[in-house]
Amino acid sequence: MTLSITFDSTTNYFHLTNQSISYIIELLDNRYLIHRYWGKSVRNYSGANRLPSYKKTFASFQSLEQDNQSFEFLPQECPLSFMGDYKEAGLKLRLADQSETLRPIFHSYNIFNGVPNLPDLPHARASIDEAKTLVLTLIDSTSRVQLDLFYSIFKDNNTIIRSSKLTNLSSDEIEIQHFASATIDTLYQGQQLTSFYGSHQKEFQLQHTSITHGQFRIGSSRGASGPQYPPFIAISDLAHECYGEVRALTLIYSGNHTELIERDQYDQLRLQIGLNPEMFSWKLGPKECFSTPQAVLVYSDAGFNGMSHQFHHFTRHHLLPSQFKNEIAPILINSWEMTYFDVNEEQMLQVIEQAHQLGFEAVVLDDGWFIGRNSSKTSLGDWHVDPIKFPNDLTPLVNSCQQKGMKFGIWFEPEMISAQSQLCKEKPEWIVKSPYFPAYYGRNQYVLDLTQKEVQDWLIQTLSTFIETYHVDYIKWDMNRHLVENESQLAHFLPKEFSHRYMLGLYRVLNYLTQQFPNLLFENCSSGGGRLDFGMLYYFPQTWLSDNTDGLDRQAIQYGASYLFHPYQLTGHVSAVPNHQTNRTTPLQTRMDLADSTNMGYELNILQTSLEDNHVIAHHINRYKSLRQLIQTSRFYRLLSPFDHNATAWLFESEEKENYYLVAFRNTYSVSQTGYLLRIPYLDDNAYYITSDGQSYTGSDLKNAGLFISFEKGDYQSYTLYLKKKTRKPLSKTTI
């Protein structure tokens, strides 16, 4: 695609395009930045979609000569308070004289190849020939602040990256009270709103709602992106999974956030995403600057599947650490549901031996390995191997794995500290709490104060020493509670600065460790979706999707999460039944097929499985190894939603569009419904598709007439089908 950012001085339009999408900004009166268009690529934009200027009672205006020009009706790129626009502002400041009025006007622009580098925040990655960036600079000469708006567009993706930077040019300290990463103004024309809600063990629950007058706002104040309302919002025009226009926003950030959509009295819409203003403020000293997290804006004219393809492509090619973009992750067995805290050397050596026999590629020692850790009430922060459980240290385990050609992994919860720990006795000032009140517990533990550089340095040193000592291949990075108090005992900053400073401290630690140990595979956990976001994906190529491994609940969780994340970026494990979270029993094949639709691993106790079960597990592992390349590099399509049906279906398509893997689930059994008729709209009309058992279908047949999927009797059944594309009709067998 041809990539360009242009400014037409005759029309005063900035136009970002890659010939697939366009983003257009008007420089009005050589002073103000007005949003004109974001969507499918347009040529020779003329402004025909501009609303006429008209005078309204109660609408304010700046000039008697232009009494029909009010900011109440102008779609702005960075709306401000006290200018006649009564919708949510994108930037709010308090100046040294306590004034909150700001009037920045356009000063200059710059265009460069590549994307901006944010040294303290995760950000989009691209080479200089893969992306271009527009920087629009506004200056308020009275308050002496500079506002830079960044817009990046990619050659290979329908994505716009937006962020902002504020620079204090004055000699006085100012306070930032609200600073959005992106604001989009458009018109309400019957669009539908899409977002997610959820909880621990019930993440990424999809909701489509109408857009009513007033404000709809979601977000997090927990110090983490959170499973309750992950950072995502979208509006769509009669969109379905496979058709319709979708405009979606997410955030490359892991802390407190907010997403807003506002419909005003004149049916104007404002979408906004960024830091949560209820939990944020920032003192900005003279000559200092502050950058917002980057917002990711995706446009699709191919429905929600098209939107997801753009997110998936962007994260794989422009967000993940480059060394993991094409890296195959090991199939692992995790000790947690097998042993919980009751783990020891003899047992783990048996697990390693059995895992090797079954074909696993890695063994992960989960919680319970460090000194005194016999429950969730103790020892976090004392990251020393328990000599009672492991009298010979971890070396025998690491050596055993390496001798068998397997990788060794281990669990940490580095950001946390237990009241019953040596670290807490030695460093009580490291606990996140008010200096004046006792700290609140969460999951029997406290949070380490990562706003303190001393704590960050201690964490870097502790983990680096462990990694260098044991040469582990994998670390599962957990975080099992959220912030309650947002205060540091040693703070010299505003209380509302705490949560963002915490994230900056965490990012500093992650940045150091992932650069120092670039080939070490880190898995993001946070009880699954507690911090499942693009900020963490920048450092960690995979995330434990949910602590809930149930064969029914996982269908909805995986379906919803795939809106933003490619399935191979999510880890899913085959676990025991009755399920440890729901007490539900689902067939082993269903659990295996669900895990196969992710970055697959196991959690059940392989020391207690029968010979027959071991044969099934070994066969499953070998089967997944044959599918893994397809799963990892696939284009993923959702076909049947568990939020609307008693069934779920999705499809993996290989990069060359020659191999397809269809997975479906039917939940509650009904004697009157033996299966589902499923259409597969993404196949080639003129091609033939051959199944693994030799059946042949035309693409037009499967697209239009559909494929009837029959399930076995009983609840929670699954179905899989492998298709291989042929351009010619296969030779039929001779019949007599």
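- Checked against side chain to side chain donor-acceptor pair (under 3.5 Å), Ser220 has no partners two or more places apart in sequence or in another chain.
- No more than 12 heavy atoms of other residues, nucleotides or ligands sit less than 6.0 Å from atom CD of Glu278.
- Arg501 forms a cation-pi arrangement with Phe493, by the criterion of a distance under 6.0 Å to the ring centre and an angle within 45° of the ring axis.
- Between Phe304 and His208, the gap from one ring centroid to the other is short of 6.0 Å.
- Taking the six-membered ring for Trp and thresholds of 30 and 60 degrees, Phe643 and Tyr559 have ring planes more than 60 degrees apart, a perpendicular arrangement.
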Going through the checks in order, is the salt bridge (charged side-chain N to carboxylate O under 4.0 Å, His left out) test met by Lys155 and Glu130? CA-CA 5 Å; Lys155 183 181 294 185; Glu130 291 178 320; over 6 Å; no
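- Using modelled atom types, one finds a donor on one side chain and an acceptor on the other under 3.5 Å when comparing Glu653 with Tyr637.
- Phe196 pairs with exactly one of Tyr563, Tyr229, Phe565 by the ring pair (Phe, Tyr, Trp, His ring centres under 6.0 Å) rule, that one being Tyr563.
- Atom OH of Tyr188 has more than 12 heavy atoms from other residues, nucleotides or ligands within 6.0 Å.
- Side-chain contact check for Phe154 versus Gln310: every heavy-atom pair is 4.5 Å or farther apart.
- For Phe106 and Phe7, the gap between ring centers reaches or exceeds 6.0 Å.
- A salt bridge does not link Arg103 to Asp140: none of the charged side-chain nitrogens sits closer than 4.0 Å to a carboxylate oxygen.
- When each of Met503, His257, His500 is paired with Leu275, the side-chain contact (heavy atoms from CB on, under 4.5 Å) condition holds for His500 and for no other.
- Ion pair Lys40/Glu245 not flagged as a salt bridge, since none of the NZ, NE, NH1 or NH2 atoms sits closer than 4.0 Å to an Asp/Glu carboxylate oxygen.
- Ser60 places none of its side-chain heavy atoms less than 4.5 Å from the side chain of Glu72.
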